Amino acid sequence: MTIGFHTKNGVLHCDGVSLERIARDHGTPTWVYSQALLESRLREFQKAFAKLDPTICYALKANSNQAVIATFAAMGAGADIVSAGELVRALSAGVPASKIVFAGVGKTEDEMALALDAGVLQFNVESEPELEALARVAKKRGQVAPVALRVNPDVDAKTHRKITTGKSENKFGVEIAHARKIALAARKLKSVRIEALSTHIGSQITDVSPYRAAFARVAALGKELREAGVPMARLDFGGGLGVVYQNETPPDLGAYARAVHAAIDKTGFGLVLEPGRWLVADAGVLLARVIYVKKGSAKSFAIVDAAMNDLIRPTLYEAWMAIEPLRPRKGAKRVYDVVGPICESGDYLAQARKITPLDAGDLVAVRQAGAYGAVMSSAYNSRPLAPELLVNKGKVAVVRPRQSVESLIGLDRLAPWQRQKPSPYLD
Ligand SMILES: *Cc1c(COP(=O)(O)O)cnc(C)c1O
(Lines give C-alpha, C1' and ligand atoms only; values in the text may rest on other atoms or scores of the structure.)
Protein backbone atom coordinates (compact mmCIF):
# COMPACT_ATOMS: atom_id res chain seq x y z
CA MET A 1 0.00 0.00 0.00
CA THR A 2 1.17 3.51 -0.79
CA ILE A 3 1.57 5.53 2.35
CA GLY A 4 0.69 9.19 2.72
CA PHE A 5 -1.44 11.00 0.16
CA HIS A 6 -1.89 9.47 -3.27
CA THR A 7 -4.42 9.23 -6.08
CA LYS A 8 -6.39 6.03 -6.54
CA ASN A 9 -9.19 5.64 -9.12
CA GLY A 10 -8.94 9.38 -9.80
CA VAL A 11 -9.53 10.37 -6.18
CA LEU A 12 -7.07 11.54 -3.54
CA HIS A 13 -6.59 8.99 -0.75
CA CYS A 14 -4.75 8.91 2.58
CA ASP A 15 -3.02 5.61 3.34
CA GLY A 16 -5.49 3.81 1.09
CA VAL A 17 -8.59 5.50 2.53
CA SER A 18 -10.64 7.76 0.22
CA LEU A 19 -10.61 11.37 1.39
CA GLU A 20 -14.07 11.74 -0.19
CA ARG A 21 -15.33 9.11 2.21
CA ILE A 22 -13.62 10.83 5.11
CA ALA A 23 -15.20 14.16 4.15
CA ARG A 24 -18.61 12.52 3.87
CA ASP A 25 -18.27 10.81 7.26
CA HIS A 26 -16.72 13.68 9.20
CA GLY A 27 -17.65 16.87 7.34
CA THR A 28 -15.40 19.77 6.41
CA PRO A 29 -13.22 21.59 7.19
CA THR A 30 -11.19 18.69 8.61
CA TRP A 31 -7.53 17.91 9.21
CA VAL A 32 -6.36 14.45 8.15
CA TYR A 33 -3.02 12.94 9.18
CA SER A 34 -1.28 9.81 7.90
CA GLN A 35 0.23 7.85 10.76
CA ALA A 36 2.31 5.74 8.37
CA LEU A 37 3.88 8.86 6.89
CA LEU A 38 4.57 10.35 10.32
CA GLU A 39 6.32 7.13 11.30
CA SER A 40 8.23 6.87 8.08
CA ARG A 41 9.54 10.45 8.44
CA LEU A 42 10.78 9.89 11.98
CA ARG A 43 12.35 6.58 10.98
CA GLU A 44 14.22 8.27 8.11
CA PHE A 45 15.40 11.02 10.42
CA GLN A 46 16.59 8.54 13.04
CA LYS A 47 18.44 6.59 10.36
CA ALA A 48 20.19 9.64 8.93
CA PHE A 49 21.66 10.46 12.34
CA ALA A 50 22.08 6.93 13.70
CA LYS A 51 25.85 7.20 14.03
CA LEU A 52 25.54 10.18 16.37
CA ASP A 53 22.88 8.59 18.60
CA PRO A 54 21.13 11.93 19.12
CA THR A 55 18.20 12.76 21.36
CA ILE A 56 15.58 13.68 18.75
CA CYS A 57 13.22 16.14 20.38
CA TYR A 58 10.17 16.64 18.18
CA ALA A 59 9.22 20.34 18.22
CA LEU A 60 5.66 20.09 19.48
CA LYS A 61 4.62 23.49 18.29
CA ALA A 62 4.48 22.21 14.69
CA ASN A 63 1.61 19.86 15.58
CA SER A 64 0.81 19.10 19.19
CA ASN A 65 -2.12 16.73 18.85
CA GLN A 66 -1.73 13.98 21.45
CA ALA A 67 -2.01 11.28 18.77
CA VAL A 68 0.85 12.81 16.77
CA ILE A 69 3.09 13.17 19.81
CA ALA A 70 2.23 9.63 20.93
CA THR A 71 3.15 8.29 17.47
CA PHE A 72 6.64 9.75 17.83
CA ALA A 73 7.00 8.95 21.54
CA ALA A 74 6.29 5.28 20.80
CA MET A 75 9.28 5.34 18.43
CA GLY A 76 11.58 6.79 21.05
CA ALA A 77 11.40 10.50 20.26
CA GLY A 78 11.67 13.23 22.85
CA ALA A 79 10.05 16.65 22.74
CA ASP A 80 11.04 20.28 22.29
CA ILE A 81 8.52 22.35 24.24
CA VAL A 82 7.97 26.09 24.59
CA SER A 83 5.34 26.37 27.33
CA ALA A 84 3.90 24.64 30.38
CA GLY A 85 0.97 23.60 28.20
CA GLU A 86 3.33 21.80 25.84
CA LEU A 87 5.09 20.20 28.82
CA VAL A 88 1.80 18.67 29.92
CA ARG A 89 1.01 17.62 26.34
CA ALA A 90 4.39 15.90 25.97
CA LEU A 91 4.24 14.09 29.30
CA SER A 92 0.64 12.97 28.83
CA ALA A 93 1.42 11.58 25.37
CA GLY A 94 4.17 9.44 26.88
CA VAL A 95 7.36 11.42 26.28
CA PRO A 96 9.76 10.82 29.17
CA ALA A 97 10.86 14.03 30.91
CA SER A 98 14.47 12.96 30.41
CA LYS A 99 13.99 13.57 26.66
CA ILE A 100 12.29 16.97 26.94
CA VAL A 101 14.06 20.25 26.19
CA PHE A 102 12.35 23.46 27.25
CA ALA A 103 12.93 26.35 24.80
CA GLY A 104 11.44 29.82 24.51
CA VAL A 105 12.40 33.39 25.40
CA GLY A 106 9.72 34.02 28.00
CA LYS A 107 9.54 31.13 30.46
CA THR A 108 7.81 32.22 33.64
CA GLU A 109 9.00 31.12 37.08
CA ASP A 110 5.88 28.95 37.44
CA GLU A 111 6.74 27.18 34.19
CA MET A 112 10.34 26.69 35.33
CA ALA A 113 9.13 25.13 38.59
CA LEU A 114 6.85 22.71 36.74
CA ALA A 115 9.63 21.65 34.38
CA LEU A 116 12.13 21.24 37.24
CA ASP A 117 9.70 19.02 39.11
CA ALA A 118 9.10 16.97 35.97
CA GLY A 119 12.87 16.58 35.53
CA VAL A 120 13.39 17.80 31.97
CA LEU A 121 16.70 17.16 30.17
CA GLN A 122 17.55 20.83 29.80
CA PHE A 123 16.31 24.41 29.83
CA ASN A 124 17.35 26.21 26.67
CA VAL A 125 18.06 29.55 28.31
CA GLU A 126 17.88 32.59 26.07
CA SER A 127 19.01 35.53 28.25
CA GLU A 128 20.86 36.53 31.41
CA PRO A 129 17.70 37.56 33.29
CA GLU A 130 16.19 34.19 32.43
CA LEU A 131 19.28 32.40 33.79
CA GLU A 132 19.03 34.42 37.00
CA ALA A 133 15.33 33.59 37.35
CA LEU A 134 16.01 29.90 36.76
CA ALA A 135 18.80 29.96 39.35
CA ARG A 136 16.40 31.54 41.87
CA VAL A 137 13.63 29.03 41.23
CA ALA A 138 15.99 26.05 41.37
CA LYS A 139 17.70 27.30 44.53
CA LYS A 140 14.37 27.77 46.31
CA ARG A 141 13.55 24.16 45.51
CA GLY A 142 16.98 22.78 46.38
CA GLN A 143 17.51 21.67 42.78
CA VAL A 144 20.16 22.13 40.12
CA ALA A 145 18.73 23.18 36.75
CA PRO A 146 20.43 21.69 33.67
CA VAL A 147 20.98 24.47 31.12
CA ALA A 148 21.71 24.67 27.41
CA LEU A 149 22.59 28.28 26.74
CA ARG A 150 20.94 29.30 23.47
CA VAL A 151 23.42 30.97 21.20
CA ASN A 152 22.41 33.36 18.47
CA PRO A 153 25.14 32.69 15.89
CA ASP A 154 24.22 35.72 13.75
CA VAL A 155 23.69 33.85 10.51
CA ASP A 156 21.01 34.56 7.95
CA ALA A 157 18.91 31.43 7.48
CA LYS A 158 17.53 32.94 4.24
CA THR A 159 13.96 32.12 5.10
CA HIS A 160 10.82 34.24 5.59
CA ARG A 161 11.49 37.22 7.87
CA LYS A 162 8.86 36.03 10.35
CA ILE A 163 10.58 32.67 10.85
CA THR A 164 14.25 33.60 10.85
CA THR A 165 15.64 33.44 14.39
CA GLY A 166 19.43 33.33 14.23
CA LYS A 167 20.27 36.94 13.31
CA SER A 168 21.52 39.32 15.98
CA GLU A 169 18.44 41.50 15.53
CA ASN A 170 16.11 38.59 16.39
CA LYS A 171 14.89 38.16 19.96
CA PHE A 172 16.27 34.63 20.28
CA GLY A 173 19.39 33.51 22.14
CA VAL A 174 22.47 35.47 23.16
CA GLU A 175 25.30 36.55 20.90
CA ILE A 176 28.43 34.43 20.98
CA ALA A 177 30.66 36.84 22.88
CA HIS A 178 27.94 37.39 25.43
CA ALA A 179 27.26 33.65 25.72
CA ARG A 180 30.94 33.10 26.53
CA LYS A 181 30.77 35.64 29.37
CA ILE A 182 27.53 34.25 30.76
CA ALA A 183 28.78 30.67 30.70
CA LEU A 184 32.08 31.55 32.39
CA ALA A 185 30.36 33.63 35.06
CA ALA A 186 27.79 30.90 35.68
CA ARG A 187 30.49 28.47 36.82
CA LYS A 188 30.08 29.87 40.32
CA LEU A 189 26.30 29.43 40.40
CA LYS A 190 25.28 26.36 42.39
CA SER A 191 21.66 25.97 41.32
CA VAL A 192 22.21 26.06 37.54
CA ARG A 193 24.66 23.99 35.54
CA ILE A 194 25.42 25.09 31.99
CA GLU A 195 26.11 21.74 30.37
CA ALA A 196 25.15 22.40 26.77
CA LEU A 197 24.82 25.02 24.06
CA SER A 198 21.79 25.23 21.82
CA THR A 199 20.94 27.07 18.64
CA HIS A 200 18.00 27.27 16.25
CA ILE A 201 18.41 29.62 13.33
CA GLY A 202 14.94 29.57 11.82
CA SER A 203 12.32 27.49 10.09
CA GLN A 204 11.67 26.30 6.53
CA ILE A 205 15.41 26.50 5.80
CA THR A 206 16.23 25.51 2.24
CA ASP A 207 19.96 26.17 2.14
CA VAL A 208 22.52 24.13 4.03
CA SER A 209 25.20 26.82 4.25
CA PRO A 210 23.70 28.82 7.16
CA TYR A 211 23.44 25.56 9.06
CA ARG A 212 27.12 24.82 8.47
CA ALA A 213 28.13 28.27 9.65
CA ALA A 214 25.92 28.18 12.74
CA PHE A 215 26.93 24.66 13.80
CA ALA A 216 30.63 25.44 13.40
CA ARG A 217 30.37 28.58 15.54
CA VAL A 218 28.44 26.82 18.29
CA ALA A 219 30.77 23.80 18.31
CA ALA A 220 33.83 26.06 18.53
CA LEU A 221 32.34 27.90 21.49
CA GLY A 222 31.45 24.58 23.13
CA LYS A 223 35.04 23.37 22.90
CA GLU A 224 36.39 26.64 24.18
CA LEU A 225 34.05 26.64 27.18
CA ARG A 226 34.84 23.01 27.97
CA GLU A 227 38.54 23.89 28.07
CA ALA A 228 37.69 26.73 30.44
CA GLY A 229 36.09 24.29 32.86
CA VAL A 230 32.43 24.59 31.88
CA PRO A 231 31.01 21.04 32.07
CA MET A 232 29.84 20.94 28.43
CA ALA A 233 28.21 17.61 27.62
CA ARG A 234 26.26 18.20 24.43
CA LEU A 235 25.20 20.52 21.64
CA ASP A 236 21.62 21.12 20.56
CA PHE A 237 21.41 22.12 16.91
CA GLY A 238 17.68 22.91 16.88
CA GLY A 239 15.38 22.24 13.92
CA GLY A 240 14.29 24.21 10.90
CA LEU A 241 14.83 21.85 7.97
CA GLY A 242 12.59 22.94 5.11
CA VAL A 243 10.08 20.94 3.10
CA VAL A 244 8.77 21.27 -0.45
CA TYR A 245 5.53 23.27 -0.67
CA GLN A 246 5.92 24.41 -4.27
CA ASN A 247 9.34 24.39 -5.92
CA GLU A 248 11.74 24.89 -3.01
CA THR A 249 14.89 22.79 -3.00
CA PRO A 250 15.68 22.13 0.67
CA PRO A 251 18.80 20.11 1.47
CA ASP A 252 18.05 16.41 1.68
CA LEU A 253 18.52 14.65 4.99
CA GLY A 254 21.93 13.42 3.90
CA ALA A 255 23.25 16.92 3.27
CA TYR A 256 21.76 18.17 6.54
CA ALA A 257 23.30 15.22 8.43
CA ARG A 258 26.69 15.91 6.83
CA ALA A 259 26.52 19.51 8.10
CA VAL A 260 25.82 18.23 11.60
CA HIS A 261 28.60 15.60 11.38
CA ALA A 262 31.09 18.18 10.15
CA ALA A 263 30.60 20.23 13.30
CA ILE A 264 30.24 17.52 15.91
CA ASP A 265 32.47 14.61 14.86
CA LYS A 266 35.50 14.13 17.10
CA THR A 267 34.27 16.69 19.63
CA GLY A 268 32.93 14.05 22.00
CA PHE A 269 29.79 16.10 22.51
CA GLY A 270 26.36 14.48 22.65
CA LEU A 271 23.74 15.75 20.23
CA VAL A 272 20.17 17.02 20.49
CA LEU A 273 18.06 17.79 17.41
CA GLU A 274 14.66 19.50 17.36
CA PRO A 275 12.91 18.76 14.05
CA GLY A 276 9.32 19.96 13.72
CA ARG A 277 8.02 20.83 10.27
CA TRP A 278 10.06 18.19 8.44
CA LEU A 279 8.44 15.37 10.42
CA VAL A 280 4.82 16.46 10.05
CA ALA A 281 4.20 18.88 7.16
CA ASP A 282 3.71 16.28 4.41
CA ALA A 283 1.71 13.98 6.68
CA GLY A 284 -1.34 16.25 6.89
CA VAL A 285 -3.98 17.85 4.69
CA LEU A 286 -6.82 20.22 5.35
CA LEU A 287 -10.02 19.12 3.64
CA ALA A 288 -12.48 21.80 2.56
CA ARG A 289 -15.60 22.02 0.43
CA VAL A 290 -16.33 24.70 -2.16
CA ILE A 291 -19.40 26.66 -1.04
CA TYR A 292 -19.69 29.02 -4.03
CA VAL A 293 -17.73 29.92 -7.11
CA LYS A 294 -17.99 33.65 -7.67
CA LYS A 295 -16.95 34.88 -11.08
CA GLY A 296 -15.54 38.41 -11.16
CA SER A 297 -14.30 40.48 -14.07
CA ALA A 298 -10.66 40.16 -13.00
CA LYS A 299 -10.72 36.62 -11.63
CA SER A 300 -12.85 33.94 -10.04
CA PHE A 301 -13.15 33.28 -6.34
CA ALA A 302 -13.61 29.76 -5.02
CA ILE A 303 -15.18 30.35 -1.62
CA VAL A 304 -14.48 27.32 0.57
CA ASP A 305 -15.53 26.34 4.09
CA ALA A 306 -11.98 26.47 5.48
CA ALA A 307 -10.56 29.89 6.28
CA MET A 308 -7.66 31.82 7.76
CA ASN A 309 -8.86 30.91 11.25
CA ASP A 310 -8.19 27.25 10.36
CA LEU A 311 -5.01 27.74 8.35
CA ILE A 312 -3.23 31.05 8.76
CA ARG A 313 0.05 30.25 6.97
CA PRO A 314 -0.93 31.70 3.57
CA THR A 315 -1.81 35.10 4.97
CA LEU A 316 0.69 35.21 7.87
CA TYR A 317 3.79 34.06 5.97
CA GLU A 318 2.67 34.61 2.39
CA ALA A 319 3.01 30.84 2.24
CA TRP A 320 2.21 28.98 -0.98
CA MET A 321 0.34 25.78 -0.26
CA ALA A 322 -0.84 23.33 -2.91
CA ILE A 323 -4.59 23.00 -3.30
CA GLU A 324 -5.88 19.89 -5.05
CA PRO A 325 -9.43 18.95 -5.90
CA LEU A 326 -10.03 15.46 -4.48
CA ARG A 327 -11.57 14.47 -7.84
CA PRO A 328 -10.20 16.85 -10.48
CA ARG A 329 -12.74 17.82 -13.15
CA LYS A 330 -11.91 17.57 -16.81
CA GLY A 331 -11.14 20.77 -18.67
CA ALA A 332 -8.47 23.43 -18.83
CA LYS A 333 -7.16 24.88 -15.59
CA ARG A 334 -8.56 28.23 -14.52
CA VAL A 335 -7.28 30.93 -12.22
CA TYR A 336 -8.86 31.18 -8.77
CA ASP A 337 -8.42 32.95 -5.51
CA VAL A 338 -9.32 30.27 -3.00
CA VAL A 339 -10.81 32.17 -0.07
CA GLY A 340 -12.70 31.49 3.13
CA PRO A 341 -15.92 33.01 4.50
CA ILE A 342 -14.17 35.33 7.00
CA CYS A 343 -14.68 39.08 6.84
CA GLU A 344 -11.05 39.98 6.05
CA SER A 345 -9.38 40.51 2.71
CA GLY A 346 -6.46 38.55 4.16
CA ASP A 347 -8.67 35.50 4.38
CA TYR A 348 -7.32 33.40 1.57
CA LEU A 349 -5.71 29.99 1.16
CA ALA A 350 -4.35 30.72 -2.31
CA GLN A 351 -4.24 33.64 -4.71
CA ALA A 352 -4.21 33.58 -8.48
CA ARG A 353 -3.93 29.80 -8.46
CA LYS A 354 -4.32 27.69 -11.59
CA ILE A 355 -6.57 24.76 -10.74
CA THR A 356 -8.78 22.40 -12.73
CA PRO A 357 -12.35 23.78 -12.86
CA LEU A 358 -14.10 24.05 -9.50
CA ASP A 359 -17.82 23.96 -8.81
CA ALA A 360 -19.92 24.40 -5.68
CA GLY A 361 -19.85 21.21 -3.64
CA ASP A 362 -16.40 20.12 -4.82
CA LEU A 363 -13.92 18.90 -2.23
CA VAL A 364 -10.34 20.15 -2.11
CA ALA A 365 -7.29 19.27 -0.05
CA VAL A 366 -4.71 21.80 1.08
CA ARG A 367 -1.48 19.81 1.03
CA GLN A 368 1.53 19.89 3.38
CA ALA A 369 -0.80 21.13 6.11
CA GLY A 370 0.46 18.85 8.88
CA ALA A 371 2.84 21.49 10.28
CA TYR A 372 1.81 24.85 11.72
CA GLY A 373 -1.77 24.18 10.63
CA ALA A 374 -4.23 23.04 13.30
CA VAL A 375 -1.96 24.33 16.07
CA MET A 376 -2.33 27.90 14.81
CA SER A 377 -6.11 27.76 14.39
CA SER A 378 -8.42 30.15 16.17
CA ALA A 379 -12.18 30.47 16.46
CA TYR A 380 -12.27 33.90 14.80
CA ASN A 381 -15.72 34.74 13.43
CA SER A 382 -17.02 32.16 15.94
CA ARG A 383 -15.95 29.33 13.70
CA PRO A 384 -15.46 26.27 15.91
CA LEU A 385 -12.08 24.51 15.65
CA ALA A 386 -12.02 21.87 12.92
CA PRO A 387 -11.59 18.20 13.87
CA GLU A 388 -8.35 16.25 13.48
CA LEU A 389 -8.35 12.68 12.15
CA LEU A 390 -5.60 10.08 12.20
CA VAL A 391 -5.54 7.41 9.51
CA ASN A 392 -3.68 4.16 10.03
CA LYS A 393 -3.83 0.89 8.10
CA GLY A 394 -7.27 1.56 6.66
CA LYS A 395 -8.74 2.83 9.93
CA VAL A 396 -9.78 6.41 10.67
CA ALA A 397 -9.82 7.79 14.22
CA VAL A 398 -11.06 11.15 15.40
CA VAL A 399 -8.13 12.40 17.46
CA ARG A 400 -9.80 15.72 18.17
CA PRO A 401 -13.54 16.10 17.63
CA ARG A 402 -15.05 19.13 15.94
CA GLN A 403 -15.58 21.84 18.53
CA SER A 404 -19.22 22.61 19.20
CA VAL A 405 -20.63 26.12 19.00
CA GLU A 406 -22.02 25.55 22.49
CA SER A 407 -18.57 24.89 23.93
CA LEU A 408 -17.24 27.98 22.16
CA ILE A 409 -19.92 30.35 23.47
CA GLY A 410 -20.27 28.51 26.74
CA LEU A 411 -16.92 29.84 27.98
CA ASP A 412 -18.33 33.39 27.98
CA ARG A 413 -20.12 34.80 31.01
CA LEU A 414 -22.22 37.90 31.43
CA ALA A 415 -20.95 40.22 34.12
CA PRO A 416 -23.05 40.10 37.29
CA TRP A 417 -24.50 43.56 36.59
CA GLN A 418 -25.84 42.61 33.19
CA ARG A 419 -29.45 41.64 33.05
CA GLN A 420 -29.63 38.24 31.59
CA LYS A 421 -32.34 36.60 29.60
CA PRO A 422 -32.28 32.85 30.06
CA SER A 423 -29.95 31.40 27.43
CA PRO A 424 -29.40 27.74 26.68
CA TYR A 425 -25.70 28.49 26.26
CA LEU A 426 -24.90 30.62 29.30
CA ASP A 427 -25.02 29.38 32.87
C1 LIG B 1 10.09 26.03 16.09
C2 LIG B 1 11.31 25.47 16.71
C3 LIG B 1 11.83 24.25 16.25
C4 LIG B 1 11.26 23.49 15.09
O5 LIG B 1 11.36 24.19 13.90
P6 LIG B 1 10.93 23.50 12.52
O7 LIG B 1 11.18 24.52 11.51
O8 LIG B 1 9.48 23.17 12.66
O9 LIG B 1 11.76 22.28 12.36
C10 LIG B 1 12.95 23.75 16.89
N11 LIG B 1 13.53 24.42 17.92
C12 LIG B 1 13.04 25.59 18.37
C13 LIG B 1 13.73 26.25 19.49
C14 LIG B 1 11.93 26.15 17.79
O15 LIG B 1 11.47 27.32 18.23
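Counting starts at 1 for both ligands and their atoms, following the listed order. In what follows, every heavy atom counts, from backbone to side chain, and hydrogens, waters and symmetry copies are set aside. Fair warning: this is a prediction, and the values are worked out from it, not measured in the lab.
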Where is the nearest protein heavy atom to [atom]: which residue, which atom, and how far?
atom                    : value
atom 7 (O) of ligand 1  : Ser203 OG, 2.3 Å
atom 9 (O) of ligand 1  : Gly240 N, 2.8 Å
atom 5 (O) of ligand 1  : His200 CE1, 3.4 Å
atom 11 (N) of ligand 1 : Glu274 OE1, 2.5 Å
atom 8 (O) of ligand 1  : Tyr372 OH, 2.5 Å
atom 2 (C) of ligand 1  : Lys61 NZ, 2.3 Å
atom 4 (C) of ligand 1  : Ala59 CB, 3.4 Å

Would you check the N or O atoms of [X], main chain and side chain alike, for any that come under 3.5 Å of an N or O of ligand 1?
X      : answer
Trp278 : no
Gly202 : no
Pro275 : no

Spell out, as yes or no, whether a donor-acceptor pair under 3.5 Å connects the side chain of [X] to the backbone of [Y].
X      : Y      : answer
Ser377 : Asp310 : yes
Thr206 : Pro250 : no
Asp347 : Ile342 : yes
Arg89  : Ser64  : yes

Query raised in the report: Of the non-hydrogen atoms in Val396 and His26, which two are nearest, and what is the gap between them?
Result: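 Closest approach of Val396 to His26, heavy atoms only: CG1-NE2, 3.9 Å.
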
Ligand-residue contact atoms, ligand 1 with [X], heavy atoms, under 4.0 Å:
X      : answer
Arg150 : 13 (C)
Arg277 : 6 (P), 8 (O), 9 (O)
Gly239 : 9 (O), 10 (C)
Asp80  : 3 (C), 10 (C), 11 (N), 12 (C), 13 (C), 14 (C)

Query raised in the report: Should the heavy atoms of other residues, nucleotides or ligands under 6.0 Å from CZ of Arg289 be counted, would the total exceed 12?
Result: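 Correct, the count exceeds 12.
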
Report task. Test the Arg353-Trp320 pair against the cation-pi criterion, namely NZ or CZ under 6.0 angstrom from the six-membered ring centroid and within 45° of the ring axis. Result ->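 Yes - Arg353 lies over the ring of Trp320, closer than 6.0 Å to its centre and within 45° of its axis.
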
Query raised in the report: Within 45° of the six-membered ring axis of Tyr245 and under 6.0 Å from that ring's centre, is NZ or CZ of Arg313 located there?
Result: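 Ring-cation test returns yes.
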
Query raised in the report: Do Asp154 and Arg217 meet the salt-bridge criterion of a basic N to acidic O distance under 4.0 Å?
Result: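 So Arg217 does not pair with Asp154 through a salt bridge.
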
Query raised in the report: Using a heavy-atom cut-off of under 4.0 Å, does the side chain or the backbone of Glu126 touch ligand 1, or both, or neither?
Result: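 No part of Glu126 comes within reach of ligand 1.
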
Report task. Give the contacting part of Asn124 toward ligand 1: side chain, backbone, both or neither, where contact means a heavy-atom distance below 4.0 Å. Result ->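 Within the 4.0 Å criterion, Asn124 makes no contact with ligand 1.
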
Query - Qualifying residue, where the test is side-chain contact (heavy atoms from CB on, under 4.5 Å) with Tyr58 and the options are Asp80, Val95, Val280 - result: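 Result: among Asp80, Val95, Val280, Val280 is the only option passing the side-chain contact (heavy atoms from CB on, under 4.5 Å) with Tyr58.
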
